[in-house]
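Inspection log for the structure reproduced underneath, given as structure tokens.
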Amino acid sequence: MSDLSKLTIAEARDKLRAGEVTSTELTQACLDEIEKADSLGAFVHKTPEIALKQAAAADARIQGGAENPMCGIPLGIKDLFCTQGVPSQAASAILDGFNPEYESTVTTQLWQAGAIMLGKLNMDEFAMGSSNETSTYGNAVNPWRRGNDDAALTPGGSSGGSASAVAADLCLAATGTDTGGSIRQPAAFTGITGLKPTYGRCSRWGIVAFASSLDQAGPMTKSVRDAAIMLRVMAGHDPKDSTSADLPVPDFEAAITGDIRGKTIGIPKEYRMEGMPAEIEKLWADGTDMLRDAGAKIVDISLPHTKYALPTYYVVAPAEASSNLARYDGVRFGHRASLSQGDGITEMYEKTRAEGFGAEVQRRVMIGTYVLSAGFYDAYYNRARKVRTLIKRDFDQVFSDGVDAILTPATPSAAFGLGEMANADPVQMYLNDVFTVTVNLAGLPGISVPAGLDGQGLPLGLQLIGRPWEEGDLLNIAHSLEDAAGFVAKPTVWW
Ligand code: GLN
């Protein structure tokens, strides 16, 4: 049977249960696609032996009547997740040769459910970036192209490998992480679904830390239903992560009823940015109409502190990163620079970090160290923390006024060309996150749903932002949007 790698999780689950296909066949189909797709740069470590072994075990479980919908489902795993005995480098040279002795909680839960690991996926170094171009492995490539132009486009970042692999049907779904938009922006750039759960919904244990108060893992999938199925397995309380919430994990798929009548959807006026492309404006207006037609009530809302979100994020995230990345000292993990006669421990730290960290990571460490330094802590870091509280309060206010979810564009543009931003001011790249960082700063769940194509045939996404811990409701609204938008386009295979 061909085209097995194109299945959604829900379709594969049904076929596995009906005995129409085996996990071994599904897994082999994905491994074959992965072998043909090296030019996408999506998979950076392939694990076919592990995959086929897990698939055989899953097949035995399914024959015995396995219940979990993720059993037998082949996945790609972002390189930020520590996977036992398998390279886990966060796409950084400083973690060269690091094969963890332990497995992240999220991936542990996926394997316990019977899911299959195909390999590790490309990303921006330490998840810092919006284009997957800061990776030590080289960039991943978007399977989509503009019209007949064969210029290579970014799949977005930082979860660019995950997005590229799912969009190109190299796997059924992938894990991602989102600190400021790294699940939602690449999902939007590649025409797939990306969900960032409420902060604390998924354990961060065993995921290489970028900015601990913002980082969240989430599913990157071919449909909203698949995001619901996969989130249920990824989520849950973990005593090893003190910020993971001790709350029951509902059956998110059961929350998808197809009925959103009476729901209130807020349209925030501050997200109507100056210079926003007409196509994005139109997509947003169309999405609003779709939700209205499905029976939702549309209200205009205001989130007045939105304009401070990017500067706040680009103080808080580097501050936390500079502290988290202090552990890469050449002693405990991965790479150590070769030293000259007379070098001491200071030279070892300096040389190792200068060699091991790329330019963007070094920039963030320097900014972070600066905003945390004695003379500037109050002026930058403390002020950013206060503004963050105000941004969160804006959302609390609209939710307490009865808004169920907020609709915004996911990104300010479609996928851009690889290398196009190479000489731009770094702030240009940071502007990619303008619609997504607020959600991380406020700890809310957010989902990007593919909603249309631009004039050049590239996918565009809409973002829905939900109430904390109400991923079920958010997924139900997202499912209605997905249904109405009817996005079925696929990239033409060139790889
Ligand atoms: N693009 C953002 C950054 O570079 C977000 C990254 C992320 O969500 N991991 O910080």
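We count ligands from 1, going down the list as the structure has it; atoms in each ligand are counted the same way. Just so it is clear, the structure is predicted and the values come from calculations on it, not from any experiment.
Residue contacts with ligand 1: S130 is placed with a nitrogen or oxygen under 3.5 Å of a nitrogen or oxygen of the ligand (distance criterion only). Taking distance alone, with nitrogen or oxygen atoms compared against 3.5 Å, G180 approaches ligand 1 more closely than that limit. Geometrically, ligand 1 and M128 share no nitrogen or oxygen pair separated by less than 3.5 Å.
Counting protein heavy atoms only, atom 3 (C) of ligand 1 is closest to Y314 OH, 3.3 Å. For atom 2 (C) of ligand 1, the nearest non-hydrogen atom of the protein is D433 OD2, 3.2 Å.
Put simply, the side chain of T107 never gets that close to the backbone of E103: no donor and acceptor are under 3.5 Å apart.
At a threshold of 4.0 Å, the pair R467-D396 does not count as salt-bridged, since none of the basic side-chain nitrogens sits closer than that to a carboxylate oxygen. A salt bridge links E360 with R363: the distance from a Lys NZ or Arg NE/NH1/NH2 to an Asp or Glu carboxylate oxygen falls below 4.0 Å.
The list of side-chain hydrogen bond (donor to acceptor under 3.5 Å, both in side chains) pairs with a residue in residues 406-422, not counting sequence neighbours, reads R146-E420, T408-Q463.
Ring pair Y102/W205: centre-to-centre distance below 6.0 Å. F98 has its ring centre less than 6.0 Å from the ring centre of F333.
Taking 4.0 Å as the cut-off, Y313 counts as a neighbour of ligand 1 on heavy-atom distance. For M429, the heavy-atom gap to ligand 1 stays at 4.0 angstrom or more.
Using a 4.0 Å cut-off between heavy atoms, Q216 makes no contact with ligand 1 at all.
Screening T436, D124, D433 for a side chain to side chain contact (heavy atoms under 4.5 Å, CB included) with S130, the sole residue that qualifies is D433.
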Check the pair D378 / R383 against salt bridge (Lys or Arg N to Asp or Glu O under 4.0 Å), numbers first and verdict last. CA-CA 6 Å; D378 277 322; R383 177 161 301 199; over 6 Å; no

Stepwise ring-ring contact (aromatic ring centres under 6.0 Å, His included) test for Y328 and F126: CA-CA 12 Å; Y328 305 107; F126 284 106; 5.1 Å; yes

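When the options P186, G129, S182 are ranked by their closest heavy atom to atom 7 (C) of ligand 1, first place goes to S182.
Under a 4.0 Å criterion applied to the non-hydrogen atoms of S158, ligand 1 contributes the atoms 9 (N). Near D178, meaning under 4.0 Å from one of its heavy atoms, ligand 1 places the atoms 8 (O). Against a heavy-atom cut-off of under 4.0 Å, F210 is close to the following atoms of ligand 1: 9 (N), 10 (O). Residue-ligand proximity, A127 to ligand 1, at heavy-atom distances under 4.0 Å covers atoms 6 (C), 7 (C), 9 (N).
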